[in-house]
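Just so you know, these numbers use all the heavy atoms, side chains as well, and skip hydrogens, waters and symmetry mates.
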Amino acid sequence: MEEMTLRSAAFDDHTLMPSEYSHDRGDVSPPLEWSPVPEEVVELALSCEDPDAPVGTFAHWLVAGIDPVTTGLDAGERPTGAVLGRNDYGTEGYGGPKPPAGDDPHRYFFRLYGLSEPSGLRDGFTAEELRDAVEDKVVAAGTLVGTFAR
């Protein structure tokens, strides 16, 4: 599997995410950039999950159908032609961090998947459906971890 570099102008890997990208501040997704996307990639998919949530891994953002020529997203941007999954707040699109007050910082794993064939996902898909859809199709991947506490 090839590695793609995933980064954000808003925070560095394993550092605190600014509060403007939190659930309490309006659920604006952070800006992201990535490279390189291998030639064999026909679709990109993106997820953001918190494995430190009290209820188990919490899905904050699920996106599929991203055109592989795309090299990043501005803050709050929905990629043209992409489909949005249902986060664990019960809405489609990005739902920012909102760990319990007083918890140690939670980790938010942003994962980018480069797929060798289309995922076939439609708006409203779940994290489990994303995992099933990308299984055996991932030819490149990248991860960025942000942290957040309240």
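Residues T70 and W34 are in side-chain contact: their nearest non-hydrogen atoms beyond the backbone lie under 4.5 Å apart. Residues L73 and P79 are in side-chain contact: their nearest non-hydrogen atoms beyond the backbone lie under 4.5 Å apart. Between V37 and T71 there is no side-chain heavy-atom pair separated by less than 4.5 Å. No side-chain heavy atom of P31 sits less than 4.5 Å from a side-chain heavy atom of E77. In this structure the side chain of E2 never reaches within 4.5 angstrom of the side chain of V41, judged on heavy atoms. Looking at heavy atoms from C-beta onward, L121 lies in side-chain contact with L130 at the 4.5 angstrom threshold.
Here the CG atom belonging to D88 is positioned 15.5 Å from the CH2 atom belonging to W61, to the nearest 0.5 angstrom. Atom-to-atom distance recorded for S47:OG and H60:NE2 is 11.0 Å, nearest 0.5 angstrom. Distance check, rounded to the nearest 0.5 Å: CG of N87 to OH of Y94 gives 10.0 Å. Between the CG atom of L16 and the CG atom of D12 there is a distance of 11.0 Å, given to the nearest 0.5 Å. The line from OG1 of T143 to CZ of R111 is 5.5 Å long, rounded to the nearest 0.5 Å. A distance of 12.5 Å separates CG in L112 from SG in C48, rounded to the nearest 0.5 Å.
Residues Y21 and L84 fall within the same hydrophobic cluster, defined by Ile, Leu, Val, Met, Phe, Trp and Tyr side chains chained together at heavy-atom separations under 4.5 Å. No path of Ile, Leu, Val, Met, Phe, Trp and Tyr side chains, each step under 4.5 Å between heavy atoms, connects V69 with L44, placing them in separate hydrophobic clusters. Linking Ile, Leu, Val, Met, Phe, Trp and Tyr whenever their side-chain heavy atoms come within less than 4.5 Å leaves I66 and F125 in two separate clusters. Transitive grouping of hydrophobic side chains (ILVMFWY, heavy atoms separated by less than 4.5 Å) keeps L46 and V42 in distinct clusters. By the rule that hydrophobic residues join a cluster once side-chain heavy atoms approach within less than 4.5 Å of another member, Y108 and L62 end up as members of separate clusters.
Checking K137, E129, E43 one by one against S119, the side-chain hydrogen bond (donor to acceptor under 3.5 Å, both in side chains) holds for a single residue, E43.
Applying the ring-ring contact (aromatic ring centres under 6.0 Å, His included) criterion to H106, with sequence neighbours excluded, gives no partner residue.
Between P99 and A149, the closest heavy-atom pair is CG-CA, 4.0 Å. Across all non-hydrogen atoms, the minimal contact from M1 to A141 is SD-CB, 3.7 Å. Closest of all the heavy-atom pairs between L32 and L6 is CB-CD1, 4.3 Å. Across all non-hydrogen atoms, the minimal contact from P97 to S22 is O-CB, 3.5 Å. Contact detail for S116 and V139: the closest heavy-atom pair is CB-CG1, 3.7 Å. When all heavy atoms of D27 and G96 are compared, the pair lying nearest together is OD1-N, 2.7 Å.
Under the salt bridge (charged side-chain N to carboxylate O under 4.0 Å, His left out) criterion, the residue pairs touching residues 50-65 are D52-R107, with sequence neighbours excluded.
Within 6.0 Å of CD on E40 lie more than 12 heavy atoms contributed by other residues, nucleotides or ligands.
For the residue pair T57 and E49, no side-chain donor N or O sits within less than 3.5 Å of a side-chain acceptor on the partner.
Contact check on E33 versus R7 returns a salt bridge, with a Lys/Arg side-chain nitrogen under 4.0 Å from an Asp/Glu carboxylate oxygen.
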